[in-house]
Every structure is written in C-alpha cells, then in structure tokens.
Amino acid sequence: MSLTDEPSLAGCAGGFALPALIGLAGPACGRAGGDDGSNPTGQGCNAEDLCASGWHLCRDRLEVAARSATGCAGILPAGSTEVLFFATGQRSIGGRRLQ
C-alpha cells in the first residue's frame, strides 16, 4: 500500500504506552511515538501519537472502508509471513463487531 494507491489511508508503526483507543482528545506526547519519532517505545504516548500531523486514528471500520476501496488488502506482498496489528477506535461487545 502506498500514498499513491491509498492517499487517504496510512498505517503508522511504533509504540504507545497510554491505554485506550476510543475517545482520544489528541496526541499526548507531541506525535513522538512513531517508529521514526524520538520516542519509539511510546512512553507517555497514546495511539494518536503514532499519526503524523494532519492524520488521526480511524474512528471505526466504516471510516476505513470510506477511505479505501480495498481495506487492508495488498498491504503486504504476496507470500509475506509478517504479522501486523491494526487498530481503530471502534467499540465492540465481547469481541464481536457492533453493527
């Protein structure tokens, strides 16, 4: 996946130590928590700190779908064994998706 292919959706890697993905008011450590930031382990950072300025954690699966016709398809090359974790601010009940 690239900005050329998906200009409205990006993945942001790095660490964040503060809990919660829902209802974040904004970044907590000045967006330094990304893997290319000054605080890659994310101490004092929340998930929003992984996003570059002008970007945010997607609210839910509907926002992901609206920003990408293919969702996460094609994010890894065919045959890749890499393991990735994706998160949004979507709520669930008992691990089941809310409609």
Side-chain angles (χ1 to χ4, degrees):
M1 182 181 294
S2 71
L3 279 174
T4 301
D5 296 334
E6 298 291 349
S8 300
L9 187 66
C12 309
F16 61 96
L18 299 178
L21 295 171
I22 298 169
L24 297 175
C29 72
R31 301 189 185 277
D35 61 348
D36 57 352
S38 61
N39 185 5
T41 62
Q43 294 302 309
C45 301
N46 66 32
E48 194 78 24
D49 286 296
L50 301 181
C51 304
S53 182
W55 294 80
H56 66 272
L57 182 70
C58 288
R59 291 178 297 278
D60 54 30
R61 66 182 176 82
L62 298 175
E63 183 176 3
V64 172
R67 294 179 176 277
S68 172
T70 61
C72 295
I75 201 162
L76 291 174
S80 175
T81 59
E82 187 175 357
V83 177
L84 299 176
F85 169 78
F86 297 92
T88 68
Q90 182 163 333
R91 298 176 185 274
S92 70
I93 297 174
R96 294 185 307 267
R97 182 180 75 198
L98 295 177
Q99 299 299 325

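In this text the structure is predicted, and so the values were computed from the model without any measurement.
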F16 CZ to L57 CG distance, which is reported to the nearest 0.5 Å: 8.0 Å
Closest heavy-atom pair and its distance - N46, P27: OD1-CA, 3.9 Å
Backbone N/O of C29 and side chain of D49: donor-acceptor pair under 3.5 Å: yes
Over all atoms of both residues, closest heavy-atom pair of C45 and N39: SG-ND2, 3.4 Å
L21 reachable from L18 in the ILVMFWY side-chain graph, under 4.5 Å edges: no
Closest non-hydrogen atom pair, E63 against R59: OE1-N, 2.7 Å
All pairs passing salt bridge (charged side-chain N to carboxylate O under 4.0 Å, His left out) where residues 29-43 contributes a residue, at least two apart: none
SG-SG under 2.5 Å, C12 vs C51: no
Any C58 side-chain heavy atom under 4.5 Å of L9 side chain: yes
Q90 side, atom CD; I22 side, atom CD1 - distance, nearest 0.5 Å: 8.5 Å
Over all atoms of both residues, closest heavy-atom pair of A28 and G44: CB-O, 3.6 Å
Side-chain (D60) to main-chain (T88) donor-acceptor, under 3.5 angstrom: no
